[in-house]
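As structure tokens, the structure follows; a few thoughts come after it.
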Amino acid sequence: MWTKSYSKKVKGLKAEDVWKVWSDVNHWHVWQTDVEYAKLEGEFTAGNSFLFKPKGGPKINIEIFKLETNKYFTDLTRFPLAKMYGCHEFITHGDTLEIKTTMSIEGCLSFIWRKLVAEGIVCSLQDQTESLIKRVATLQAESKQS
């Protein structure tokens, strides 16, 4: 199994606030510049799936594989003869929150899907995390004003 992670520790954010942004799948395009759209019908719960369309890429069905509210969720993308997992964790260390994403891929053809998809995702994890932090901070500021 191939695995790569990126994490960042930040002060002033709560796991609950980060969770609200991540679990709002239908608005991912607002803060992720590489997302054309993501559509979730129903609740953000394990076993449910959503349609995901990256800019310049094909539509993909992604399953919410497992989750624990305000702590982590793992999504699963199925490719021919390979599975790709994205684990998104929110780890509290006192007054600091660690936002960590781990991408992994397994299966007979994982080496192909790693090159075609997973490595590109890993290269964008830092930007994705920074955009997530910015979005959460913006929403926090807006809620304080109202």
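All figures in this text were calculated on a predicted structure; none of them were measured in a lab.
More than 12 non-hydrogen atoms from other residues, nucleotides or ligands lie less than 6.0 angstrom from NZ of K53. Shown here is E16, whose CD atom has more than 12 heavy atoms of other residues, nucleotides or ligands within 6.0 Å.
Linking ILVMFWY side-chain heavy atoms closer than 4.5 Å, directly or via other members, places I133 and F73 in a single hydrophobic cluster. Cluster membership for V30 and L132, using ILVMFWY side-chain heavy atoms within less than 4.5 angstrom, is not shared. Clustering ILVMFWY residues whenever any of their side-chain heavy atoms sit less than 4.5 angstrom apart, transitively, puts I121 in a cluster other than the one holding L76. Both F79 and I112 are part of a single hydrophobic cluster, where members link through side-chain heavy atoms under 4.5 Å apart. Using a 4.5 Å cut-off between side-chain heavy atoms of Ile, Leu, Val, Met, Phe, Trp and Tyr, with links allowed through other members, M103 and I62 fall into different hydrophobic clusters.
In this structure, the ring of W2 has its center no less than 6.0 angstrom from the ring center of W113.
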**Prompt:** Stepwise, does the side-chain contact (heavy atoms from CB on, under 4.5 Å) test hold for K8 with E130?
**Reply:** CA-CA 9 Å; K8 178 165 183 162; E130 292 298 331; 2.6 Å; yes
**Message:** Would W28 and W22 count as a side-chain contact (heavy atoms from CB on, under 4.5 Å) here? Give the steps.
**Reply:** CA-CA 8 Å; W28 283 3; W22 256 127; 3.4 Å; yes
**Request:** Kindly indicate, with the supporting measurements, whether the criterion ring-ring contact (aromatic ring centres under 6.0 Å, His included) is fulfilled by F50 and F44.
**Result:** CA-CA 9 Å; F50 58 92; F44 189 79; 7.4 Å; no
**Asked** Checking side-chain contact (heavy atoms from CB on, under 4.5 Å) for the pair I105/K83: CA distance, chi angles, key distance, verdict?
**Response** CA-CA 6 Å; I105 192 160; K83 294 178 183 178; over 6 Å; no
**Prompt:** Given the rule in the side-chain contact (heavy atoms from CB on, under 4.5 Å) test, do K39 and N26 qualify, once you have shown the distances and angles that lead to the verdict?
**Reply:** CA-CA 5 Å; K39 293 182 183 176; N26 295 333; 4.2 Å; yes
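Under the ring pair (Phe, Tyr, Trp, His ring centres under 6.0 Å) criterion, Y6 pairs with no residue at all, not counting sequence neighbours. Remark: F52 pairs with no residue by the ring pair (Phe, Tyr, Trp, His ring centres under 6.0 Å) rule, at least two apart or across chains. In this view, K59 satisfies the salt bridge (charged side-chain N to carboxylate O under 4.0 Å, His left out) rule with no residue, not counting sequence neighbours. Here Y72 pairs with nothing under the ring pair (Phe, Tyr, Trp, His ring centres under 6.0 Å) rule; sequence neighbours left out.
Of the inter-residue distances, the one linking Y85 atom OH with T74 atom OG1 reads 9.5 Å to the nearest 0.5 angstrom. Distance check: S131 OG to Q126 CD gives 10.5 Å after rounding to the nearest 0.5 Å. Once rounded to the nearest 0.5 Å, the distance linking OG1 of T77 with CG of N61 reads 8.5 Å. For the atom pair CG of L51 and CD1 of I60, the computed distance is 9.0 Å after rounding to the nearest 0.5 Å. Between the OG1 atom of T33 and the NZ atom of K55 there is a distance of 6.0 Å, given to the nearest 0.5 Å. Here the straight-line distance linking atom NE2 of H29 with atom CG of D34 works out to 13.0 Å at 0.5 Å rounding.
No side-chain donor from either of T3 and S104 sits under 3.5 Å from a side-chain acceptor of the other.
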Please output the side-chain donor-acceptor pairs of residues 86-96 that fall under 3.5 Å, not counting sequence neighbours, one pair per line with the distance.
unit_1 : atom_1 : unit_2 : atom_2 : d
H88    : ND1    : T101   : OG1    : 3.4
H88    : NE2    : D75    : OD2    : 3.0
H93    : NE2    : E98    : OE1    : 2.8

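In terms of heavy atoms, P58 sits closest to P54 at O-CD, 3.3 Å. Taking all atoms of both residues into account, the shortest heavy-atom contact from L13 to V10 is CD1-CG1, 3.7 Å. When all heavy atoms are compared, the tightest approach of T102 to S5 is OG1-OG, 2.6 Å.
Of the possible donor and acceptor atoms, one in the side chain of N48 sits under 3.5 Å from a partner among the backbone N and O of E41.
Checked for salt-bridge contact, E119 and K4 miss the test: no charged N lies under 4.0 Å from a carboxylate O.
Residue pairs satisfying the side chain to side chain donor-acceptor pair (under 3.5 Å) criterion with at least one member in residues 132-144, sequence neighbours excluded, are listed as follows: D17-Q140.
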